[in-house]
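From a predicted model like this one, the values you see are computed outputs, not experimental measurements.
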Amino acid sequence: KIRMEVSDTSKLNISGNYHADGVDNAFADDSDVKITINEYYTDAELTNLVKRYVQVGSNYYETLEEAAAAAVAGDTITLLADVTLSADLTLPAGITLNGNGKTISGTIKAGGDLTFKGATTVGTFNPGWYNNTITIGEGASLKVTSGRMTVSYGNVFNIIGSIADAKTADKSTVTPSLELVAGISFNGNGGGVQFNITNAYVVLSDTTSKNSGATGEFNVNFTNSIVDFTKTLKTYMPTVSGLDPKFNLSAKDSVVSFASHLELWLNETNVVLDNTDLTVGGSFANAGTVTLTNGSNFVVNAPIMSSHGGNTGTIKVLGGTFELKDSNQNWVNEGTMSVAMPGKLIVNDFDCGTNGKIEIDATGMNVGDSVKDYIVFGTDTDVSYEDIQVTGKNLLVNEEGKLVAPPAASINGVEYATLEEAFKAATEGCTIEILTDVVVDYKWDCRDYATNGSHSQFKESVTINGNGHTINL
C-alpha cells in the first residue's frame with residue numbers, strides 16, 4: 001500500500017524499480033507514470049506500521065523510554081500514539097512533554113523541572129522531589145486517572161489557563177487544565193509547597209489533604225480560576241512532636257467548591273478570600289484563620305458537629321457574606337467570629353460554646369444602629385444579640401440588636417447610664433463602681449451633691465473604685 005496526496009493535474013516522476021505481478025520492472029529516469037490509488041493507510045495505521053510512537057525533535061522512537069533516554073534539557077517529547085510503560089519512568093529535567101491528546105498507561109516521574117504541553121492523560125504522575133517546578137501552560141492539560149499525586153519537598157506547580165472571567169465562565173465548556181481523579185496529598189518536609197492556579201479550571205477528585213506527618217509551609221493560590229474539589233479538603237494536625245507546618249490558601253476573583261467537607265484542623269492555617277465565591281456541600285471545620293474580603297461569599301450547606309465541623313479558630317467577615325445553612329444540627333463556635341461593615345454573618349443551627357464569641361466592629365456605626373444588618377441569627381440559634389461583643393467603639397448590643405452606650409457606673413449592683421446619675425444616687429458610705437471610661441464634656445456643677453451648698457464637697461465617706469478606667473471631667 002502507498003499513500004499519496006496529489007492534485008488531479010499533478011505529474012508523478014518515478015525513478016528506479018517497482019514490483020508487480022511477480023515481475024521486476026524498471027522505469028527510465030523521469031518517466032511519466034499514471035498511478036491510480038484505490039486504498040491507503042490512515043494516520044494510525046501508518047504510525048503502527050513504522051512504529052513511530054514518540055518524537056523528539058526530528059527523531060522518532062518506538063517507546064517513550066527510548067525517547068526519554070535520548071532527550072536532554074530543552075527538548076520536547078511529543079506522543080504520536082498511546083503508549084504503555086513497562087515500568088515507572090523518570091523523565092529528564094528541563095524537558096517539555098507534549099501529550100498531543102494521547103494516553104500514557106503507567107507512572108511517570110519528573111526528574112527535575114517539567115513542562116506539559118497539549119493534552120496529556122497518564123495513570124500516575126509523580127512530580128518528584130527537591131524543588132521541582134511543574135508547569136502546565138495555557139492550552140495544556142494534565143489528567144491523572146488512578147494514582148494519588150503527592151506534592152512535597154519544595155515542589156512548585158504553576159497551572160495557567162485561558163479563562164477570562166472565572167465568575168461568569170461556563171465550566172462545562174472549559175477543559176480542566178489539571179484533573180486528579182485520585183486526589184492529592186501535600187506531604188514532605190523539604191521547604192513546603194507552592195501550588196499556583198491562574199485563569200484555569202482545576203478538578204481535584206477524592207480527598208485532598210495536608211498529611212499529619214508533613215511540615216514546612218504549604219501555599220495554595222487561586223487567581224481568576226474555577227477549582228472543584230469533588231470530595232473533601234483536610235489539613236491535619238501533626239502527630240509527631242517538633243513539626244511546625246503552615247497551610248495558606250489565597251483565592252482571588254475565583255469560584256471554589258467542595259462537594260463534601262472542608263476541614264482545616266491545622267492551627268497555622270490562613271485562608272484569605274478576595275472577591276471569591278466558596279461553597280461547601282457538607283460541613284466546615286476551622287482551627288486557623290479565615291478572612292473574607294471584597295464581596296466574597298462563603299456558604300456552608302450542611303454544617304454538622306462531629307469530626308467534620310465546628311470553629312475553634314477565627315473567622316473574619318470584612319466584606320461579603322459567611323453563611324451557615326440550616327442542617328438541624330448545632331454547629332458549635334468555640335473560637336471567634338467577627339464582622340465588620342460591609343460584611344455579613346448569617347448563622348442557623350448555631351451555638352457558642354464556653355469559649356466562643358461573636359464580635360462586631362462598630363467603627364462607622366453609632367448608638368441606635370442595628371447590628372441585624374450585619375449579623376443574622378436563625379430560629380434555632382442558641383445565641384442572643386446581647387451576647388455580641390463590640391469592638392472599635394465603647395458600645396454594647398441590646399436584646400433588640402441595637403447599639404447602646406454601656407452603663408457608666410454602678411452602686412450595689414444598680415447600674416447608671418451616666419456618672420452624674422450615679423453621684424446623685426450615692427449615699428453616705430457607699431462605693432461607686434466605675435464600669436467604663438467616662439468623658440463628661442459639659443460643665444458639671446457639683447454643689448448639688450455637697451454636704452455644704454457653698455463648697456464642692458461630695459457626700460462623706462463615698463468611695464470611687466475606678467476599676468482601671470479613666471474619668472475625664
Residues 338-348 side chain polar contacts: donor-acceptor under 3.5 Å, at least two apart:
unit_1	atom_1	unit_2	atom_2	d
Asn348	ND2	Leu324	O	3.0

Checklist entry - If you draw a 6.0 Å radius around NZ in Lys246, do more than 12 non-hydrogen atoms from other residues or ligands fall strictly inside? => result yes

Item to check | Heavy-atom closest pair, residues Ala200 and Ile160 | outcome: CB-C, 4.3 Å

Checklist entry - Is it true that a side-chain atom of Ser146 and a backbone atom of Gly123 form a donor plus acceptor pair closer than 3.5 Å? => result yes

Checklist entry - Say you draw a straight line from CG of Leu273 to OG1 of Thr293; how long is it, rounded to the nearest 0.5 Å? => result 7.5 Å

Item to check | Test item: Asn126 and Thr124 side chains (from C-beta on) under 4.5 Å apart, heavy atoms | outcome: no

Checklist entry - Counting N and O atoms only, with roles assigned by atom type, does the side chain of Asn132 sit under 3.5 Å from a partner on the main chain of Pro127, one being a donor and the other an acceptor? => result yes

Next on the checklist: With a 4.5 Å cut-off on side-chain heavy atoms, are Ile226 and Val174 touching?
Outcome noted: no

Checklist entry - So how far is it from Asn221 CG to Ile159 CD1, rounded to the nearest 0.5 Å? => result 11.0 Å

Item to check | Stepwise side-chain contact (heavy atoms from CB on, under 4.5 Å) check, Val181 with Lys143 | outcome: CA-CA 8 Å; Val181 175; Lys143 181 176 182 179; 4.2 Å; yes

Checklist entry - Mind checking what makes side-chain hydrogen bond (donor to acceptor under 3.5 Å, both in side chains) contact with Lys316, not counting sequence neighbours? => result none

Checklist entry - Is Thr427 reaching over with its side chain to a backbone N or O of Cys430, donor-acceptor style, under 3.5 angstrom? => result no

Next on the checklist: Is the distance from the ring center of Phe247 to that of Phe218 below 6.0 Å?
Outcome noted: no

Checklist entry - Any sub-3.5 Å donor-acceptor pair from Glu334's side-chain atoms to Asn355's backbone N or O? => result yes

Next on the checklist: Tell me the closest heavy-atom pair linking Pro303 and Ser283, and the distance in Å.
Outcome noted: CA-OG, 3.5 Å

Checklist entry - What's the spacing between Phe229 CZ and Leu204 CG if we round to 0.5 Å? => result 5.0 Å

Checklist entry - For atom CG of Asn467, is the number of surrounding heavy atoms from other residues, nucleotides or ligands below 6.0 Å larger than 12? => result yes

Next on the checklist: Phe195 vs Ile184, test: side-chain contact (heavy atoms from CB on, under 4.5 Å). Steps then yes/no.
Outcome noted: CA-CA 11 Å; Phe195 205 79; Ile184 182 173; 3.8 Å; yes

Next on the checklist: Ring-plane angle category for Phe377 and Tyr385, please: parallel below 30°, perpendicular beyond 60°, tilted otherwise.
Outcome noted: tilted

Item to check | Closest non-hydrogen atom pair between Ser172 and Asp170, with its separation | outcome: OG-OD1, 2.6 Å

Checklist entry - Does some side-chain heavy atom of Ile134 sit less than 4.5 Å from a side-chain heavy atom of Val156? => result no

Next on the checklist: Tell me the closest heavy-atom pair linking Ile411 and Ala425, and the distance in Å.
Outcome noted: CD1-C, 4.2 Å

Next on the checklist: Quick check against the 3.5 Å criterion: does Asn98 have a side-chain atom that pairs as donor or acceptor with the backbone of Ile77?
Outcome noted: no

Next on the checklist: With side-chain contact (heavy atoms from CB on, under 4.5 Å) as the criterion, how do Leu435 and Tyr416 come out once you've worked through the C-alpha distance, each side chain's angles and the decisive distance to 0.1 Å?
Outcome noted: CA-CA 10 Å; Leu435 303 179; Tyr416 297 90; over 6 Å; no

Checklist outcome for this item: Scanning both residues in full, the closest heavy-atom pair of Ser260 with Val280 reads O-CG1, 3.4 Å

Item to check | Close side-chain approach of Pro407 to Leu396, heavy-atom, < 4.5 Å | outcome: yes

Next on the checklist: Would Val202 and Phe222 count as a side-chain contact (heavy atoms from CB on, under 4.5 Å) here? Give the steps.
Outcome noted: CA-CA 10 Å; Val202 170; Phe222 307 149; over 6 Å; no

Checklist entry - Nearest 0.5 Å, what's the CD1-CG distance between Ile434 and Asn465? => result 8.0 Å

Checklist entry - Will you find, in the side chains of Asn275 and Asn294, an N or O donor that is under 3.5 Å from an N or O acceptor? => result no

Checklist outcome for this item: So OH of Tyr201 and OG of Ser141: to nearest 0.5 Å the spacing works out to 12.5 Å

Next on the checklist: If you define the side chain from C-beta out and look only at heavy atoms, does anything of Thr276 sit under 4.5 Å from Val256?
Outcome noted: yes

Report, one line per pair, each donor and acceptor closer than 3.5 Å where one atom sits in a side chain of residues 99-113; sequence neighbours left out.
unit_1	atom_1	unit_2	atom_2	d
Asn100	ND2	Leu79	O	2.9
Asp113	OD1	Thr133	N	2.9

Checklist outcome for this item: Taken in chain and number order and not counting sequence neighbours, the residues that satisfy salt bridge (charged side-chain N to carboxylate O under 4.0 Å, His left out) with Asp228 are Lys171

Checklist outcome for this item: Interatomic distance, CG@Asp277 vs CZ@Phe298, rounded to 0.5 Å, equals 12.0 Å

Checklist entry - Considering only heavy atoms from C-beta outward, does the side chain of Lys325 approach that of Val299 to under 4.5 Å? => result yes

Item to check | Sub-4.5 Å side-chain heavy-atom contact between Trp331 and Asn311 | outcome: yes

Enumerate donor-acceptor pairs with a distance under 3.5 Å from any side-chain N or O in residues 359-374 to protein atoms, sequence neighbours excluded.
unit_1	atom_1	unit_2	atom_2	d
Glu359	OE2	Lys357	NZ	3.4
Asp361	OD1	Thr363	N	3.0
Asp361	OD1	Thr363	OG1	2.7
Asn366	OD1	Lys393	NZ	3.3
Asp369	OD2	Asn366	N	2.7
Ser370	OG	Lys372	N	3.1

Item to check | Nearest atoms (heavy-atom pairs only) where Val151 meets Met149 | outcome: CG2-CE, 3.8 Å

Next on the checklist: Going by the rule side-chain hydrogen bond (donor to acceptor under 3.5 Å, both in side chains), which residues pair with Asn224 if we only count those two or more places apart in sequence or in a different chain?
Outcome noted: Asn199

Checklist entry - Side chain of Ser254, backbone of Ser225: donor and acceptor closer than 3.5 Å? => result yes

Checklist entry - Is any side-chain heavy atom of Ile315 closer than 4.5 Å to a side-chain heavy atom of Phe284? => result yes

